[in-house]
Q: 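What follows is a structure written as structure tokens; I'll ask about it next.
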Amino acid sequence: MSRLQPVRGTSDLLPENMANHNLVINAARKASACYGFQEMATPIFEFLEVFSRPLGASSDIVTKENYSFEDRGGEMLTLRPENTAGVVRAMISGGLTQSLPLKYFYAGPMFRYERPQKGRMRQFHQVGIEYLGPDDALSDAETIACGARFLDSIGVLGDCDLHLNSLGDAESRALYRDALLEYLKKFSGDLSDDSKMRLLVNPLRILDSKDSGDRNILQNAPKFPDYLNGVSQIRFENLTSALDRVGVAWFFNPLLVRGLDYYCHTAFEFVTNSLGAQGTVLGGGRYDGLSEMLGGPPVAGIGWAAGVERLTMLVEGVLPNSPKVAVVTADDAAQQAAFHLAEQLRDAGIDIDFPTNGAMRKKLKKADKANIHLVIILGSDELSKNTVLLRNLSNGSQEEIALDFADNGGLVAAIAKSLLAP
RNA sequence: GCGGGUGUAGCUCAGUUGGUUAGAGCGCCAGUUUGUGGUACUGGAGGUCGCCGGUUCGAAACCGGUCACUCGCCCCA
């Protein structure tokens, strides 16, 4: 730490960014409410096992990308790298498996010890939903439609392709895994080093390798769809026809795989080309095995998470909220009365900026820069006459209005009228 | 974790084959305007050239290391 820098991979959210950040979060909140998802939050740290058990020893997220530490009581804790495990943990520890189905929305920071890049931070923010209980195809359709509606509401759906795949049920997956392994073993010497490793640990992951040698080998590999059993096939067709029916565009991507063991059936990602290598903007899937892995009863579930920073980069900028009215004193004699008036106007529901520093000229200059439309000017002259000046910075007009601390309804009305005018 | 690029004022960037006191525009502050913003003009502040070390009479520039950002790999949101 040579200078006062933010920690690597973290950044401050100053008001300009924060406004866009909140725009994205609020849009997700609104879209999920539309489907009956209710907002909740889990702690940002959990016992290590909450993530290590379900994510599995083979997962990068657990093996090298987590922030884990021992607390003063000797417990091993982990800053959450994602929120699904936490939500399911909350369902189990809260005894909520008695009240299924559950539909949850969350927003908050996540932590992964990764090499930072554009769109990839060590502390980043996600919004997401989890739909716990149902295991039918239409609950998948609802979840995906909710994601599409969210992206559409912030104007980025058009930039995105929806990649969709089915990992099938456990039986289908085991069959395919065996077939793929048998095929790939013949080429094991020619695979990339990474994929040689995956052959042992998690062969399905080789499917989305970007290594050109691997891709060549994969050309003639057994195809996942051929190994889906009847039940899994029908389920997938139910999902896709539901999406088609409501006009959610998708394309089949048999290479879209999830590394984690508890994923099954539906896997999907909304991907954009506008962000370089970090193109996945919203991704999720079905995780029917997760609850049991955490030690709970079997509870089906599906959900998605979206990266707030990534989406913010795609969204048209908005300005932070700020007052449109300022109370400005012309001289020190009016300070107390001006403060009083500012409070009274806030009581009436008007956001007021009350600069206390500098000459009147300077305050007006600042007000202009801050896009303030109306300035209420109060000085000794006005005080002696019991009036204020209402100056409109947009058109330069100015009028004198009565000041009466017992009832300033007239002033409030004049301000409201002026704010409504174009 | 691996490979490439970049780092000079708050911001965007100049800075010649290594040469003496490192520049511009925007922004900021002040004045022209002692009770009135935007425009204009004038002036001012602001830099250990990312950091540490080395080469050299002399380094913002060359070399090494390091930190940060960035592009790709990996992984994913």
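Hydrogens, waters and symmetry mates play no part in the numbers below; they use all other heavy atoms, side chains included. Throughout, a chain's letter reflects where its sequence line sits, starting with A, and its residues are numbered from 1.
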Q: Base of B:A77, side chain of A:Arg112 - is there a donor-acceptor contact under 3.5 Å?
A: yes
Q: Under 4.0 Å between a Lys/Arg side-chain N and an Asp/Glu carboxylate O for A:Glu343 and A:Arg346?
A: yes
Q: Could you tell me whether the phosphate oxygens of B:A30, OP1 or OP2, come under 4.0 Å of any side-chain nitrogen or oxygen in A:Lys362?
A: yes
Q: Check the orientation of A:His21 and A:His125. Use parallel for under 30°, tilted for 30 to 60°, and perpendicular for over 60°.
A: perpendicular
Q: Determine the interplanar angle of the A:Tyr67 and A:Phe111 rings, folded into 0 to 90°, and report it as parallel if under 30°, tilted if 30 to 60°, perpendicular if over 60°.
A: perpendicular
Q: Across all strands, who's sitting opposite B:G72 as a Watson-Crick or G-U wobble pair, both distances under 3.5 Å?
A: B:C2
Q: Given the structure, check if the side chain of A:Asp368 and the base of B:G37 hold any donor-acceptor pair shorter than 3.5 Å.
A: yes
Q: Pairing check on B:U20: which nucleotide meets the Watson-Crick or G-U wobble criteria with it, both distances under 3.5 Å?
A: none
Q: Would you list the pairs meeting salt bridge (charged side-chain N to carboxylate O under 4.0 Å, His left out) in which at least one residue belongs to residues 18-28 of chain A, sequence neighbours left out?
A: none
Q: How is A:Leu282 classified with respect to the nucleic acid when contacts are heavy atoms under 4.0 Å: base, sugar-phosphate, or nothing?
A: sugar-phosphate
Q: Describe the nucleic acid contact of A:Glu269 in one word from base, sugar-phosphate, nothing, applying a heavy-atom distance below 4.0 Å.
A: nothing
Q: At less than 3.5 Å, do the side-chain atoms of A:Arg115 and the base atoms of B:C69 form a donor-acceptor pair?
A: no
Q: Mind listing the N/O atom pairs, protein and nucleotides 9-11 of chain B, below 3.5 Å?
A:
none

Q: At under 4.0 Å between heavy atoms, what does A:Gly9 touch on the DNA or RNA strands: base, sugar-phosphate, or nothing?
A: sugar-phosphate
Q: So does A:Arg361 reach the base of B:U32 with its side chain, donor to acceptor, closer than 3.5 Å?
A: yes
Q: Do the ring planes of A:Phe270 and A:Phe268 sit parallel (below 30°), tilted (30 to 60°) or perpendicular (above 60°)?
A: perpendicular
Q: Looking across every strand, which nucleic acid part, if any, lies under 4.0 Å from A:Lys363 by heavy atom: base, sugar-phosphate, or nothing?
A: nothing
Q: When you look at A:Glu130 and A:Tyr287, which way does the side chain to side chain donor-acceptor pair (under 3.5 Å) test go after all the steps?
A: CA-CA 10 Å; A:Glu130 309 296 347; A:Tyr287 48 82; 2.6 Å; yes
